[in-house]
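Naming: A, B, ... by sequence-line order, numbering from 1 per chain. Because only heavy atoms are used, hydrogens play no part in the values below, and waters and symmetry mates are left out as well, while side chains stay in.
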Amino acid sequence: MSSLTLNSPHRKRNTYTWLYFLLPSIAIMMLFFIYPILLTFFYSFTNLALTGESARELKFIGLDNYTRMFQDPAVRISIWNTLIFLFGSAVIGQQVLGFLIALLMKHKNKLFRRVVGTIVLAGWVTPEIVSALCLYSFFGDNGTLNAIITSFGLPEVTWLFTVPMLTIILANIWNGTAFSMLIFQAALDDVPSEIEEAAVVDGASRWQILTRIILPYIKDSITTNMMLVTLQTLGVFGLIYAMTGGGPGTSTTTLPIFMYNQAFINYQLGYGTAISLLLLLIGIVLSLFYIRSMK
Amino acid sequence: MIKTTSGKRVLLVLASIILFASLLAGCSGSSSGGQGENGKKTVTITYRDDGIGEQGAMYKWIMELSKNYPDKNVEIKPTPIQASEGDYFAKIALALKSKDKAPDIVTEDTFILNSDASAGFLEPLDDRLKDWPDWTDGSFIEAMKKGVTASDGKVYGVPYNTDSRGLWYNKTIFKEAGLPEEWTPKTWEEVLDAARTVKTKAADGVVPIWMNMGKATGEATSMQTYEMLLYGTGGRLYDDSTGKWIVKSQGILDSLRFIETVNKEKLGPPLSKVLNGQAGNTATREYLPQGKLAISLDGSWITGNYLENGAAPWPEYKDVLGFAPMPTSNGQTPGSITLAGGWALSIPSNAKNKDEAWEFIKYALNKENSQKLVTASGNITVRADVAKDPGYTQMPFNEIATEYLQNAEFRPAQDKYPEVSTQIQTMVEAVATGTSPEAAQNKYAQDVTRIVGEQNVIEK
């Protein structure tokens, strides 16, 4: 108690200094992050529209957007599509493939690492819309893939029409795997080689080394990577929009595409913002799940 | 000592906040208010540029008018928006809302005009129109005024072009299949029969009939395909007398059954080609000119592609193509049907120079100038006097496409229409991919009910 009173003027000054330094970033956060989120929250309870009668005056419509969302079968389809896309491209694709590449590159010579690393990175450095166009021309009816398979005498496949979800999943894997690879490379470099060597001496198999030593050692990196990749994938829009436009039908309509359609094709901005909050919620729930499950 | 430092700090923080705020304020900017240097007033015109920029018919037309415009105190300036058709509507809605960014004149599709009018984005023109002889003396085709009249009964734009829809057919293929080269089907069954004949008699790989049937082709699916069918059964989307949307009717089922038949009997294009955003272009720019398509249910404007400066020049189109009216389902009166759309010039409520804009619209859409525009862009005129002009009628198909407008119907002037239209596309695509017409109609009824409210729907 006495020490507290003694230090109190000093302490007070410290608090202020802390505030001064943080003020600019707090201001920026408030302006560009908190404020838009609050605004989105607010608009999701209104009839905000781009045009039409509701664009004339903003009205509170209570939970209408939300009840509409839960009754709308298209929302359920979009959530389902989002989860398939997420699971296929982020969890299985980028995460597992990224880890495997990183693992296989460990202890290999520099040249090999460089060549493989550069190839994988090519997908990552390509801007989203550019890779979307590349992959569209790869999977398109007269695209590269069909040119390859027909040269072997196989029949043409309309990839974007027959297996649209698979094409966008593959596209996203190609586009994003490098990120996971880089994270896992850094994590694997941190696994001390002495422990591995000791395990080898004790007669551990490669599988045991992987599951008993490497994976437990890098589990924090796995969680972090899983979370980052999940959040990135939840928001993927340009890639899908440019490749399939959410079609054919609703087969690749993920939540971001659905939200765009509601907001800018049907002009229902209020409903669109409600969907964006659903997307935010899914992101939060999944992040919490990852954090919990890895503890 | 301490006090002065903290004072300095406060100052520093304040200064940075002010700087920061002024930086942000700089972002919002302000525009000149349409008053140019040397006292000239500027009238801006916003229209959709589909990517060809200064080669576009609209741009060339505006520049020519601007040069010849008699009032030298007014400068006419094109401010195009480069966007796809769907994005254009969203972009102008944002521009019209803004006091700074709203143009003085905007080109509005009659499809969205009512929505923008109900939103309060557009200026009613009735008071100005009543003093314009061209409008009151019958120079404009009376039926076309319906397209620019919003649900409140006021007129919000002056139309400058329109379109009609019908059955384009390839006479060479018809000859090959033993079908008449001058073809006027009287019922839907005759259309299907012609398609069946093509399927059995024409060369392999020829698509008998193309209709847009996907969500990806948007409004083309709703209007060129579904509404052409529905209105031909005598059915309607919206019941004007009760003010309700019709969500279930025999007409809906019959229309869907036509689509079902085309797909079941494989008379249509492969689904991978037609359920695709590019479907319209594939049909008009590839299949039709290459002789791979016999019948296409499409708009009168597609010949614009075949002109010398079009996207797919095809000089022989005049002789190879025929344009037949779309018959009603069983040949009942009026015998044939077309839906009409088109574009209009409107004045935004936020426009700065409304009077100057109006004067310019009167000049731009007089007989001579409006004829120049429709001729250059391959559209159909909304003016009766242009329709009679030899310079207009000599263009292939113009006379016949204009004639179809006699039975023209417009889409409901309701601001829920764009949303209902998306449900139509979903319904049509469902049937094209194998859902039964009954099930597709049930889903349409549910979805439309959710959009417009239970009290605003009706079953017939």
Side-chain angles (χ1 to χ4, degrees), chain A residues 9-10 12-13 16-17 19-24 26-28 31-32 49-57 64 67-74 77 136 140-141 156-162 164 241-251 253 260-269 271, chain B residues 2 6 9-10 12-13 16-17 20-21 24 86-87 89-94 96-97 112-121 151-152 214-218 270-278 282 414-423 425-426 429-430 432-433 435 443 446-447 450-451:
Chain A
H10 192 66
K12 216 172 187 178
R13 221 183 69 203
Y16 278 124
T17 334
L19 244 178
Y20 289 156
F21 281 117
L22 274 185
L23 214 58
I26 290 177
I28 289 174
L31 201 68
F32 292 107
L50 212 49
T51 178
E53 196 132 6
S54 3
R56 194 188 282 262
E57 54 170 340
D64 278 12
T67 45
R68 180 176 168 185
M69 194 159 79
F70 290 113
Q71 286 166 0
D72 195 344
I77 297 172
Y136 178 81
D141 287 358
E156 232 173 59
V157 180
T158 48
W159 300 103
L160 291 163
F161 179 74
T162 341
Y241 190 72
M243 283 182 70
T244 64
T250 48
S251 50
T253 305
Y260 173 84
N261 285 342
Q262 294 306 322
F264 295 104
I265 306 288
N266 287 348
Y267 315 118
Q268 300 306 309
L269 292 176
Y271 189 36
Chain B
I2 290 171
S6 83
R9 271 192 205 136
V10 171
L12 205 75
V13 169
S16 33
I17 289 174
F20 187 65
L24 279 178
D87 288 344
F89 303 131
K91 286 187 176 185
I92 51 169
L94 289 169
L96 295 181
K97 213 175 210 171
I112 202 78
L113 184 126
N114 178 65
S115 296
D116 284 348
S118 333
F121 293 161
S151 46
D152 62 359
K215 284 172 66 174
T217 32
L271 288 179
S272 69
K273 296 270 185 228
V274 78
L275 302 185
N276 171 308
Q278 286 303 310
T282 314
Q414 293 298 324
D415 63 337
K416 291 287 179 199
Y417 176 76
E419 271 188 279
V420 172
S421 177
T422 331
Q423 301 310 326
Q425 294 147 29
T426 310
E429 183 170 303
T433 51
T435 310
K443 185 165 183 307
Q446 275 171 18
D447 292 336
R450 200 176 50 240
I451 290 166

Chemist: Is the shortest distance from a Lys or Arg side-chain nitrogen in B/D447 or B/K443 to a carboxylate oxygen in the other one below 4.0 Å?
Modeler: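 Salt bridge flag = yes for B/K443 with B/D447.
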Chemist: Given the options B/K215, B/K273, B/R450, B/E429, which has more heavy-atom pairs under 4.5 Å with chain A than any of the others?
Modeler: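 Among the listed options, the one with the most contacts to chain A is B/R450.
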Chemist: Dump the intermediate steps for side-chain hydrogen bond (donor to acceptor under 3.5 Å, both in side chains) on A/D141 and A/T158, then the final yes or no.
Modeler: CA-CA 5 Å; A/D141 287 358; A/T158 48; 5.2 Å; no
Chemist: So which part of A/Q71 gets closer than 4.5 Å to some heavy atom of chain B, the side chain, the backbone, both or neither?
Modeler: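 When you check distances to chain B, atoms from both the backbone and side chain of A/Q71 fall under 4.5 Å.
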Chemist: Which one wins on heavy-atom pair count under 4.5 Å against chain A: B/N276, B/I112, B/L271?
Modeler: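 Of the options given, most contacts go to B/L271.
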Chemist: Which region of A/F21, side chain (C-beta onward) or backbone (N, CA, C, O), has a non-hydrogen atom less than 4.5 Å from a non-hydrogen atom of chain B, or is it both or neither?
Modeler: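 No part of it gets close to chain B.
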Chemist: Where does B/N114 contact chain A at under 4.5 Å (heavy atoms): side chain, backbone, both or neither?
Modeler: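 Neither the backbone nor the side chain of B/N114 comes within 4.5 Å of chain A.
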Chemist: I'd like to check A/Y267 versus B/P418 (side-chain heavy atoms, cut-off strictly below 4.5 Å). Are they in contact?
Modeler: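 In contact.
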Chemist: Would you tell me whether A/Y271 and A/D72 have side-chain atoms, one donor and one acceptor, within less than 3.5 Å of each other?
Modeler: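 Side-chain D/A pair, A/Y271 to A/D72: present.
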Chemist: Which one of A/Y136, A/Y260, A/F264 satisfies the ring-ring contact (aromatic ring centres under 6.0 Å, His included) criterion with A/Y241?
Modeler: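 Single ring-ring contact (aromatic ring centres under 6.0 Å, His included) partner of A/Y241 among A/Y136, A/Y260, A/F264: A/Y260.
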Chemist: Where on B/A117 is there a heavy atom nearer than 4.5 Å to chain A: the side chain, the backbone, both, or neither?
Modeler: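 For B/A117, backbone heavy atoms alone lie under 4.5 Å from chain A.
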Chemist: Could you tell me which portion of A/A74 (side chain, backbone, both or neither) has an atom closer than 4.5 angstrom to a non-hydrogen atom of chain B?
Modeler: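 Contact with chain B is absent: no heavy atom of A/A74 under 4.5 Å.
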Chemist: Closer than 3.5 angstrom, by distance alone: can the side chain of B/T426 be matched with the main-chain N or O of B/T422 as a donor-acceptor pair?
Modeler: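 Yes, because the side chain of B/T426 sits within donor-acceptor range (under 3.5 Å) of the backbone of B/T422.
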Chemist: Determine the option with the most heavy-atom pairs under 4.5 angstrom with chain B, choosing from A/P73, A/A263, A/G52, A/G245.
Modeler: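 Among A/P73, A/A263, A/G52, A/G245, the one with the most close pairs to chain B is A/G52.
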